[in-house]
Amino acid sequence: MKHHFIDRFSYKKGFLQNLSPSLKFLILILLLILFLLLPKKILFYLPFIFIILILIFLSKIPLKYFLKRILIIFPFLVIIFLLSILSNKNFQNFLYSILKSILSISYIFLFSLTTKMDEFFKTFEDKKYGKLIFLIFSFLYRYFFILYDEFERIKRAMISKGKNPNFKEYTILSGNIFIRSYERSERILKAMISKGWKIEK
Amino acid sequence: MENRKVKIEIINLKFSYEDKKDVLKGINLKIYENEIVSIIGENGSGKTTLLLCIGGLLKYEGKILIDGEEFNENLRRKIGFLFENPDDSIFMPRVYDDIIFGPKNFGIKGNYDEIVKKSLEKVALQGFEQRVPHHLSYGEKKRVALASILSYEPEIFLLDEPTLGLSRIARENFIELIKKIKGTKIIATHDLDLANLISERIIVLNEGKIEDFTYNRNNC
């Protein structure tokens with residue numbers, strides 16, 4: 001199966017794609033800290049909304065695609081903050097919290113769309129303890145798609161035998177994926193050792 | 001054959017998994033330098049287990065000598081293992097990283113870009129350096145997996161079901177690649193045509209023992 005949903009836009013020749021991953025990472029961290037500190041006045045948030053729209057345009061990301069992906073997190077934000085409102089009735093505070101969350105997630109998403117993941121992971125490789133972080137994230141990235149494919153195959157097999165998965169079946173599927181992941185990890189470790197990799201103390 | 005140097009000597013090799021006893025029940029075998037040997041047998045006969053033992057990836061009873069020396073970590077560089085599932089063999093984010101993984105770990109000095117380029121040329125995948133593995137076809141992944149062991153130039157190749165899952169043309173191309181590799185080759189396979197086509201010797205494994213072997217006169 002092909003999985004273009006993460007890598008696709010990082011190959012385009014846009015503004016953000018041309019910036020180095022470490023610079024983008026630094027800017028992102030600074031932005032996230034800034035969003036936390038922004039006062040509760042809508043005037044402070046408008047420039048950042050304007051900037052992200054410009055960045056989306058300059059980086060050749062389809063706006064519809066971007067908004068569709070961002071909307072996925074909305075239900076989770078709404079649930080969390082509705083639950084929070086029950087304990088604290090300051091509605092204005094929570095509105096600004098939602099706004100900060102949306103801005104933060106939007107910038108994180110935009111930066112990840114325009115960054116080749118392996119180049120991003122490599123920014124850690126040379127740092128102290130970075131090699132381990134690089135390996136962990138590399139594996140996460142590499143094997144996410146493999147596990148997703150396995151999940152889809154098992155699900156398709158279930159459907160072909162007349163069972164549309166619901167909560168109970170998804171639980172079974174998840175357990176299956178966990179076992180397969182463990183077995184796969186054993187095989188991958190053997191492949192790594194066969195190529196001279198040693199477990200460092 | 002016996003005029004050639006013994007590359008691998010297996011003496012009374014035994015192995016059991018935790019949940020399965022006596023997968024290998026005392027294997028004795030000599031494999032000669034640059035020999036091509038196919039190991040055939042039913043599912044569960046111990047073919048892959050035998051390769052894993054030779055590759056030093058399982059703890060076994062008995063002895064396995066490589067160039068007269070008992071297996072140790074220094075000998076690992078001499079062995080290239082091609083796993084049955086290429087997704088188990090290629091685990092880095094990009095093809096370049098997978099191919100250079102072995103040479104880096106074995107401390108091979110040199111121009112890594114050149115090493116990667118030459119390895120990809122050997123498997124007819126020029127220009128694939130920056131490709132991501134999850135965008136490759138199954139056949140391409142198999143070839144990248146092969147390139148990832150060719151990059152550190154081992155002397156012994158352990159190939160577990162190398163043609164499994166390949167289309168007719170991809171299979172023919174892959175067989176041609178295997179033929180061109182220089183070194184001692186041990187192939188575990190169900191593909192009897194492959195075994196007949198390229199092997200000098202075909203060993204039949206049954207329930208953990210060598211039941212029979214035959215010399216393939218066409219290839220000796």
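Reminder, nothing fancy here: chain letters follow the sequence lines and each chain counts from 1.
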Is it the backbone or the side chain of B:L52 that comes under 4.5 Å from a heavy atom of chain A, or both, or neither?
side chain

Please determine, among B:M92, B:R77, B:R76, the option with the most heavy-atom pairs under 4.5 Å with chain A.
B:R76

Around atom CD of B:E42, are there more than 12 heavy atoms of other residues, nucleotides or ligands at under 6.0 Å?
no

Just give me the residue among B:I149, B:N85, B:I79, B:D97 that pairs up with chain A most often, heavy atom to heavy atom, under 4.5 Å.
B:D97

Might you confirm whether atom NZ of B:K117 has over 12 heavy atoms from other residues, nucleotides or ligands at distances under 6.0 Å?
no

Answer yes or no: are there more than 12 heavy-atom neighbours, outside A:L43 itself, under 6.0 Å from its atom CG?
no

Which portion of B:L58 sits near chain A, non-hydrogen atoms under 4.5 angstrom:
side chain

B:F101 portion near chain A, given a 4.5 angstrom heavy-atom threshold:
both

Using non-hydrogen atoms and a limit below 4.5 Å, what part of residues 44-61 of chain A faces chain B?
none

Working to the nearest 0.5 Å, report the span between OG of A:S194 and CG of B:L51.
12.0 Å

Residue set satisfying side chain to side chain contact (heavy atoms under 4.5 Å, CB included) with A:L71, at least two apart, ordered chain then number -> A:F74

Could you tell me which residues satisfy salt bridge (charged side-chain N to carboxylate O under 4.0 Å, His left out) with B:E176, sequence neighbours excluded, listed by chain and number?
B:K179

I'd like to know whether CD of B:E121 has more than 12 heavy-atom contacts from other residues, nucleotides or ligands below 6.0 angstrom.
yes

Option that, when pairs with chain A are counted at under 4.5 Å, heavy atom only, ranks first among B:F81, B:F91, B:F106
B:F91

Residues of residues 168-191 of chain A with a heavy atom under 4.5 Å from any heavy atom of chain B, in residue-number order, are A:R184, A:R187, A:I188, A:K190, A:A191

Examine distances only and state if a side-chain atom of A:K195 and a backbone atom of B:K104 form a donor-acceptor pair shorter than 3.5 Å.
no

Reported CG-to-CG distance for the pair B:D87 and A:L147, which is rounded to 0.5 angstrom
10.0 Å

